[in-house]
Student: 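First the structure, which I've put down as structure tokens, then a few questions once you've had a look.
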Amino acid sequence: MNKDLPVLEDLLPLEGKSVLMRTDFNVPIVDGRITDDMRMRLPMETITWLLDQGAARITTASHLGRPKGKPDPRYSMAPVRAHLSELVRAAGADPAKVELLENLRFDPREEAGEFSFAEELVEGHDVFVNDAFGAAHRAHASVVGPPQLLPCAAGRVMAREVEVLGGLLSGAKRPFVAVLGGSKVSDKLGVIEALLEKVDTLVVGGGMCFTFLAAKGHSVGASLLEADHVESCRKLLDAGLDIRLPSDLTVLSPGAKFGAGVERSGETRQVGVEVPEGWMGLDIGPGSAAEFSDVIGEAATVLWNGPMGVFEDPRFVAGTRTVAEAVADARGFTVVGGGDSAAALAQFGLAERVDHLSTGGGASLEFLEHGDLPGVAALRSGPLA
Ligand code: 3PG
Ligand code: MG
């Protein structure tokens, strides 16, 4: 039988203690500037609580981007470190007490999950706090090793994520509607299967809808299609569940360019669910967006993960914007998975209008799929708690 997830209070007394804290400070940085610091602001609650309890110092440790196991100045923690000091000071705490190590992934032992790396990290520390929910799906050294070596606990961010996402699996208020988008159906099949038993309605948009539309026999033109997964989608559609697919689409003319950072070209058109030869579906159409909004508005619980179209390109933003607004306006309890949907909400200025915005992209999906994550399980099974 698994123990409960240990929380910060389980670490008391903390007077004079030195804390090792795994954080997910993997924030987007453009030209040396942090463009979204949510992953840094949220764990400040944990940091200030630890200091208020008398912790002598906190060593925060995070990865940033995907350097290949060796130092790479493009992934230096310097901008993150500077911003962390500002946040600690703004919270009325002493920045001298909060250190940030260099990018954990500069050491190949981190991603390899080597215990020797965890042993080095914990040196000189009395307790371990993991507030890096966004990295909890990685069985990396700094995630799973320290709970074996020090008394450990989930920080406030981690504990809240586990409570909210776990709550969706164990007792969401009905009707429960999941809205899934994003490009690849292959990334989402596991979570779809896990959620189908729990949700009343599954709404599918984004690039992944084309594999479902193909499974229903529609022509998808040059849209994204994962031919290997058509059969899985057909089985899901045949299982008698309430799965809502788009009824109209916004498509782009053959060979045209789209997205962010390119010279956009071509002609767009509204069609039903038959995409003309060579054309590419890049957003759900206005009719589908309105239908999806109605479903979201009637739900008691809404989970949204993945954009409805290529929202980085203004020609294909409408579907995602309409769905985001519906989620923001929903009367039900709303949970939004991190990653692209979080970025979309931030772009529309709606991030504050949902009940729970997850700090994890892949982590939130994997948690919903498996009901647990390596980093969470490691905290529960810490032998020293
Ligand atoms: C994320 O941004 O998804 C987390 O920080 C984990 O990063 P990773 O996907 O590079 O492991
Ligand atoms: Mg990821």
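Whatever order the structure lists ligands and atoms in, that order sets their numbers, starting from 1.
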Student: Quick one: which ligand 1 atoms are inside 4.0 Å of a heavy atom on Arg138?
Tutor: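 Close to Arg138: 8 (P), 9 (O), 11 (O).
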Student: Return yes when Glu111 approaches ligand 1 closer than 4.0 angstrom through a heavy atom, no otherwise.
Tutor: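 It does not; every heavy atom stays at 4.0 Å or beyond.
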Student: Look at the side chain of Glu161 and the backbone N and O of Ser358, then say whether any donor-acceptor pair between them is shorter than 3.5 Å.
Tutor: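 Flag not set: sc Glu161 to bb Ser358 has no pair under 3.5 Å.
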Student: Looking at Glu110 and Gly69, would you say the former's side chain and the latter's main chain have a donor-acceptor pair under 3.5 Å?
Tutor: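 No; zero donor-acceptor contacts below 3.5 Å.
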Student: Just verifying a value: how many Å separate Phe210 CZ and Leu249 CG, rounded to the nearest 0.5 Å?
Tutor: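 Result: 5.0 Å between the selected atoms.
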Student: Is there a polar contact, in the sense of an N or O pair closer than 3.5 Å, between His137 and ligand 1?
Tutor: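 Looking only at distances, the answer is no, because the N/O contact criterion of under 3.5 Å is not met.
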Student: Enumerate the atoms of ligand 1 whose separation from the nearest heavy atom of Arg105 is less than 4.0 angstrom.
Tutor: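 Near Arg105, meaning under 4.0 Å from one of its heavy atoms, ligand 1 has 7 (O), 8 (P), 10 (O), 11 (O).
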Student: Between ligand 1 and Gly361, can you find any atom pair, the residue atom being a heavy atom, that is separated by under 4.0 Å?
Tutor: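 Judged by the 4.0 Å heavy-atom criterion, Gly361 does not count as contacting ligand 1.
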Student: Can you list, pair by pair, the side-chain donor-acceptor contacts under 3.5 Å of residues 183-191, counting residues two or more places apart and other chains?
Tutor:
from, atom 1, to, atom 2, distance (Å)
Ser186, OG, Glu226, OE1, 2.5
Lys188, NZ, Gly181, O, 2.6

Student: Establish, from distance only, whether the side-chain atoms of Asp355 and Thr334 form a donor-acceptor pair under 3.5 Å.
Tutor: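 The criterion, which ignores hydrogens and geometry beyond distance, is satisfied for Thr334 and Asp355.
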Student: Please identify which atoms of ligand 1 are closer than 4.0 Å to at least one heavy atom of Asp24.
Tutor: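 Those atoms are 4 (C), 5 (O).
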Student: Report yes or no: does a heavy atom of His140 sit under 4.0 Å from some atom of ligand 1?
Tutor: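 No heavy atom of His140 comes that close to ligand 1.
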Student: Which other residues end up in the same hydrophobic cluster as Phe106, if Ile, Leu, Val, Met, Phe, Trp and Tyr are linked when side-chain heavy atoms come under 4.5 Å apart?
Tutor: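 Noted: Phe106 shares its cluster with Tyr75.
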Student: Below 4.0 angstrom from a heavy atom of Arg66, which ligand 1 atoms are there? Numbered from 1 as shown, please.
Tutor: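 Ligand 1 atoms under the 4.0 Å threshold to Arg66: 8 (P), 9 (O), 10 (O).
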